[in-house]
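Both counts, for ligands and for their atoms, begin at 1 and track the order of listing. In this chain, residues are counted from 1 in sequence order.
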Amino acid sequence: MTTLTELGLSKPTMSTFTEFGLSKHAMSALTDAGYTEPTEIQSGTIDIISSGKDLLASAQTGSGKTAAYALPIVSRLQRSASKPRALILVPTRELALQVLAQFKLFGKYTNLRAAAIYGGVGMGEQIRALRQSLDIVVGTPGRLIDCMTRNLIDLSNIEVLVLDEADRLLDLGFAPQLRRINKQVPKTRQTLMFSATIDSSVASMVNEFTRDAVVVKAASKNVEPTSIDQKFHHVNEYGKDELLLKVLKDIDSSSVLVFTMTKRKATWVKNRLRNANVMAEEIHGDISQNKRERTLKQYRNGEFAVLVATDVAARGLDIPSISHVINYDLPNTASDYVHRIGRTGRAGRTGTAVSFISQDQIHLVRDIEKVMGHSLDGSPLAVRKSTGGGVRRFRSRRYR
Ligand code: ADP
Ligand code: MG
């Protein structure tokens, strides 16, 4: 068994970035980025990462976990070498691009080379990047394995392996791929795992990937940020479209993210919105990767108001303008709920999450309550009769 040291930072440690012994290149990039103080999870992990220890870190969505690992990695690698030394695994293509952008931001005063290796696009550009001796590879497991089997990538010099959204990568869907990748990276490398939600269900996988990992949990009591105002509507399936239009009408926002259970439903909802003259786009696994990237860019730029998505957009995406997340359908798992609503209320901003609860999904409410550690309104929703479109409004602050 791995010995786990529970740090459980009980009070936010007041610190500055200067204490961490980061390289001067990284410090200059930080200043340019306008980061003045480290976030709690950054304060609690940067030193540990620099010391070379394995790490299992959890902190709320939007709390700056990317920089917590990207800064010490950029500082440690300093300058370019011949083979990749850092490998960052993420569950989605869009997240690979976003994490790559953070490495480019923090590495801008270095000659470190970084690239994203992900599926759905031609391999040409990625092959060219791999031939150019990369230092940092950010990848999704599928395409990375493709590159491994074609001998396009040599992972024998990897010094740091990061699993961002670790619980997702270690769950059953990705586990076989992760094990294959694990065989190709040196046993001696450092392993860092980050997520807003890591529980004991992935413990044995964590032990497969880490040695004597230090466990750091940000102190915040709630799994979900208190800056997110969570609302719940009981509605029957047929009333969802009308309710969505009504909710959207009351929202004065340039960026709303709507989640549906399936790809088909995402298309359906997008079309319904367009018919009602709402500028909407869709993003999910049936949309070509080029279109997904274009859509996301336009969304970031505020070119349309409502993005309808499946859970491909649930994890990691950092789009500060998103003011509202609407769960047209509840997600299948409670951790997906936490990640979905975490697309708003990031980095201390406020946000609103609105969830539609239909009879057939009412059982999911209990799971969500369990993960969040508090009931949605103080009484068990699961036994309450549906009120057919009634609105309940809860501020998570009340439950702290
Ligand atoms: P997480 O991975 O924890 O969900 P991200 O790493 O995506 O969060 O960061 C969320 C946002 O906070 C990003 O826009 C990022 O640029 C910003 N951010 C991170 N650290 C800091 C900091 N120390 N000061 C200011 N902004 C920060
Ligand atoms: Mg993240």
> When hydrophobic residues are tied together by side-chain contacts of less than 4.5 Å, even through go-betweens, does L257 share a cluster with V306?
Replying inline: no
> What is the closest protein heavy atom to atom 7 (O) of ligand 1, and at what distance does it sit?
Replying inline: R346 NH2, 2.9 Å
> Got a donor-acceptor contact below 3.5 angstrom from the Q359 side chain to the N236 backbone?
Replying inline: no
> Quick one: do R93 and E293 make a salt bridge, cutoff under 4.0 Å?
Replying inline: no
> Can you tell which part of Y69 has a heavy atom less than 4.0 Å from ligand 1: side chain, backbone, both or neither?
Replying inline: neither
>> Checking E224 against H374 for the side chain to side chain contact (heavy atoms under 4.5 Å, CB included) test, could you report, in this order, the C-alpha distance in whole Å, the side-chain angles of both residues, the deciding distance, and whether it holds?
In response: CA-CA 11 Å; E224 82 282 20; H374 57 79; 2.9 Å; yes
> Given D171 and R168, is the salt bridge (charged side-chain N to carboxylate O under 4.0 Å, His left out) satisfied, shown in steps?
Replying inline: CA-CA 5 Å; D171 78 13; R168 178 73 187 95; 2.8 Å; yes
> For atom 23 (N) of ligand 1, what is the nearest protein heavy atom, given as residue, atom name and distance?
Replying inline: E37 O, 2.8 Å
> Any Lys/Arg nitrogen of D167 or R315 sitting under 4.0 Å from an Asp/Glu carboxylate oxygen of the other?
Replying inline: yes
> Under the side chain to side chain contact (heavy atoms under 4.5 Å, CB included) criterion, do I326 and L248 qualify, and how do the steps go?
Replying inline: CA-CA 9 Å; I326 299 177; L248 286 174; 3.9 Å; yes
> Is the shortest distance from a Lys or Arg side-chain nitrogen in K53 or D212 to a carboxylate oxygen in the other one below 4.0 Å?
Replying inline: no
> How far is atom 10 (C) of ligand 1 from its nearest protein heavy atom, and which residue and atom is that?
Replying inline: D318 OD1, 3.4 Å
>> Under 4.0 Å from a heavy atom of F17: which atoms of ligand 1 are those, numbered in the order shown and with their elements?
In response: 23 (N)
>> Which residue and atom name correspond to the protein heavy atom nearest atom 20 (N) of ligand 1, and how close is it?
In response: Q42 NE2, 2.8 Å
> For atom 25 (C) of ligand 1, which protein heavy atom lies nearest, and how many Å away is it?
Replying inline: Y35 CD1, 3.8 Å
> Using a heavy-atom cut-off of under 4.0 Å, does the side chain or the backbone of Q60 touch ligand 1, or both, or neither?
Replying inline: backbone
> Looking only at heavy atoms, which two atoms of F20 and S15 are closest? And how far apart?
Replying inline: CZ-OG, 3.9 Å
> In the protein, which heavy atom is nearest to atom 3 (O) of ligand 1, and how far is it?
Replying inline: K65 NZ, 2.8 Å
> Is the shortest distance from a heavy atom of P320 to ligand 1 less than 4.0 Å?
Replying inline: no
>> G62 versus ligand 1: do any nitrogen or oxygen atoms come within less than 3.5 Å of each other?
In response: yes
>> Yes or no: does A59 have any heavy atom under 4.0 Å from an atom of ligand 1?
In response: no
> Which heavy atom of the protein is the closest neighbour of atom 8 (O) of ligand 1, given with residue, atom name and distance?
Replying inline: G64 N, 3.1 Å
>> Need the ligand 1 atom indices (1-based, order shown) with element for anything under 4.0 Å from a heavy-atom of T61.
In response: 4 (O)
> To the nearest 0.1 Å, how far is atom 12 (O) of ligand 1 from its closest protein heavy atom, and which atom is that?
Replying inline: A347 CB, 3.5 Å
>> Looking at E40 and A219, would you say the former's side chain and the latter's main chain have a donor-acceptor pair under 3.5 Å?
In response: yes
> Does ligand 1 have a heavy atom under 4.0 Å from the side chain of T66, from its backbone, from both, or from neither?
Replying inline: both
